[in-house]
Amino acid sequence: MAIVKANAYGHGKARMVKEASKEGLHWFGVARIEEAAEVRANAPDGRILVMGFTPPQDVATAVYENISLAVYDLETARMYSEKAVDAGGKAVVHIKYDTGMGRLGYNLKDYADFAKSIFDLPGLMVEGVFTHFACADEPSKETTHQQIQTFNQVLNALRNHGLCPAVIHASNSAAIVNYPQAGYTMVRSGMALYGLNMAHETWLPAGFGPVMTLKSRLTSIKTLPAGQGVSYGHSYFTPHEQRIGVVGVGYADGFRRILNASSILVHGKKVPVVGMVAMDQCMVALDDVPEAKIGEEVVIFGSQGDQKITVEELADVWGTIPYEVICGMSARLPRIYIE
Ligand SMILES: *Cc1c(COP(=O)(O)O)cnc(C)c1O
């Protein structure tokens with residue numbers, strides 16, 4: 001299953017769905033039903049699973065558009081069933097068990113009884129069963145082994161009662177790398193699909209590389225006198241007469257408003273961002289790149305010449321994880337696809 005929630009992790013959902021379809025993927029995962037329409041438009045025959053909650057007013061859409069929903073408690077399941085019956089059809093569902101994530105999922109021990117109640121609802125058609133791992137990116141922990149064991153108990157309980165859905169899935173990208181024994185009939189991959197490493201302990205095999213590069217341009221260059229304050233709040237003062245470049249990227253694009261905490265590749269070198277990042281632009285010190293010219297391309301993450309700044313590095317600098325960096329790439333950024 002190609003996970004394409006959050007605008008395909010910032011990559012542009014429509015195009016990513018098309019590319020994944022071309023590669024033969026026909027399952028797509030989203031977090032919310034609002035995200036499903038664009039998937040359906042780009043993969044007319046694809047299967048779509050909404051992994052989160054679907055509100056009552058949207059269940060009919062799921063029925064008409066053949067979108068599968070997640071069920072994880074009886075109240076929600078009954079609501080889906082009623083709304084589907086009202087819509088004159090059935091909602092296709094995947095039953096979710098909480099095997100240790102502590103988030104969505106049924107967490108009591110009467111696994112089969114719960115499944116049976118779901119199978120018995122007149123407006124539902126059970127297609128799958130799944131769970132989600134909390135710590136698959138930390139192979140040194142016991143947690144995932146325990147979750148796999150619990151999920152196997154769930155599956156055995158269902159089998160013993162003749163309730164065995166066709167599609168069984170548990171693994172995210174980190175689990176695909178660290179727990180190949182948890183493949184079941186399908187895996188759900190987001191990060192690996194976009195060529196990004198999941199965590200410090202979990203690296204993608206050789207051959208994977210990041211899909212996205214973030215670029216901008218130098219929109220102005222000028223020499224400021226020593227002691228000139230730069231950007232809002234004057235948190236930076238030029239230490240000497242200094243060439244300062246303006247780059248057309250800011251926090252409204254997803255480039256964090258963090259003081260003096262990032263570098264940008266200009267003319268093949270890493271140069272420091274100076275002063276506060278503004279909404280649409282930020283400033284860089286050009287001491288090391290006298291050749292830099294107005295209008296030239298700069299790289300926020302990706303490579304230029306023999307230098308690179310990875311999303312993983314940027315995440316460390318920003319005190320977050322690579323997921324948040326790419327999901328933060330805002331809607332206004334033009335996405336340019338290179339064949
Ligand atoms: C987002 C998500 C995934 C994908 O996770 P990656 O680490 O990006 O592979 C899988 N399953 C669920 C339930 C998710 O919410």
Side-chain angles (χ1 to χ4, degrees), residues 1-13 16-17 19-20 23 25 27-36 39 47-54 67-73 76 93-107 127-139 141 143-144 147-148 150-151 154 165 167-180 182-205 208-212 310-312 315 320-329:
M1 177 185 283
I3 302 297
V4 293
K5 64 190 175 185
N7 197 22
Y9 293 34
H11 292 70
K13 176 154 31 80
M16 291 302 115
V17 167
E19 294 301 323
E23 296 295 328
L25 279 95
W27 267 102
F28 298 92
V30 293
R32 305 181 188 151
I33 195 158
E34 293 87 343
E35 299 180 303
V39 178
R47 302 289 307 128
I48 304 170
L49 174 65
V50 178
M51 298 182 291
F53 174 75
T54 299
I67 294 163
S68 303
L69 302 179
V71 291
Y72 44 82
D73 65 48
T76 314
V93 298
H94 290 217
I95 306 175
K96 184 167 195 187
Y97 286 91
D98 180 358
T99 56
M101 173 73 184
R103 201 174 64 177
L104 291 185
Y106 187 78
N107 71 334
E127 175 181 53
V129 56
F130 73 118
T131 192
H132 190 48
F133 297 131
C135 308
D137 58 347
E138 294 172 89
K141 281 190 183 167
T143 320
T144 308
Q147 285 199 255
I148 293 170
T150 305
F151 192 49
V154 169
V167 193
I168 302 168
H169 46 112
S171 293
N172 56 5
S173 297
I176 296 169
V177 172
N178 293 329
Y179 301 90
Y184 301 103
T185 72
M186 180 165 74
V187 293
R188 305 185 304 268
S189 178
M191 280 302 257
L193 213 56
Y194 308 110
L196 294 165
N197 290 297
M198 285 71 78
H200 288 289
E201 292 180 61
T202 302
W203 298 93
L204 290 169
F208 281 77
V211 170
M212 184 165 34
T310 62
V311 171
E312 291 86 343
T320 184
I321 54 173
Y323 291 78
E324 196 185 358
V325 174
I326 48 163
C327 291
M329 294 297 105

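Counting convention: from 1, in listed order, for ligands and their atoms alike.
- For ligand 1, the protein residues within 4.0 angstrom (heavy atoms only) are I3, K5, Y9, M51, R103, H132, N172, S173, R188, S189, G190, M191, Y323.
- Checking side-chain atoms of R32 against main-chain N and O of F53 turns up no donor-acceptor pair under 3.5 Å.
- The closest donor-acceptor contact from the side chain of T131 to the backbone of Y97 lies under 3.5 Å.
- Without hydrogens or angle criteria, T99 side chain to T150 main chain gives no donor-acceptor distance under 3.5 Å.
- Scored by the side chain to side chain contact (heavy atoms under 4.5 Å, CB included) test, A315 finds T320, P322, V325 as partners (sequence neighbours excluded).
- In this structure, the side chain of N197 does not engage the main chain of W203 through any donor-acceptor pair within 3.5 Å.
- Between F130 and H94, the ring planes lie perpendicular to each other; the angle is over 60°, past the 30° to 60° tilted range.
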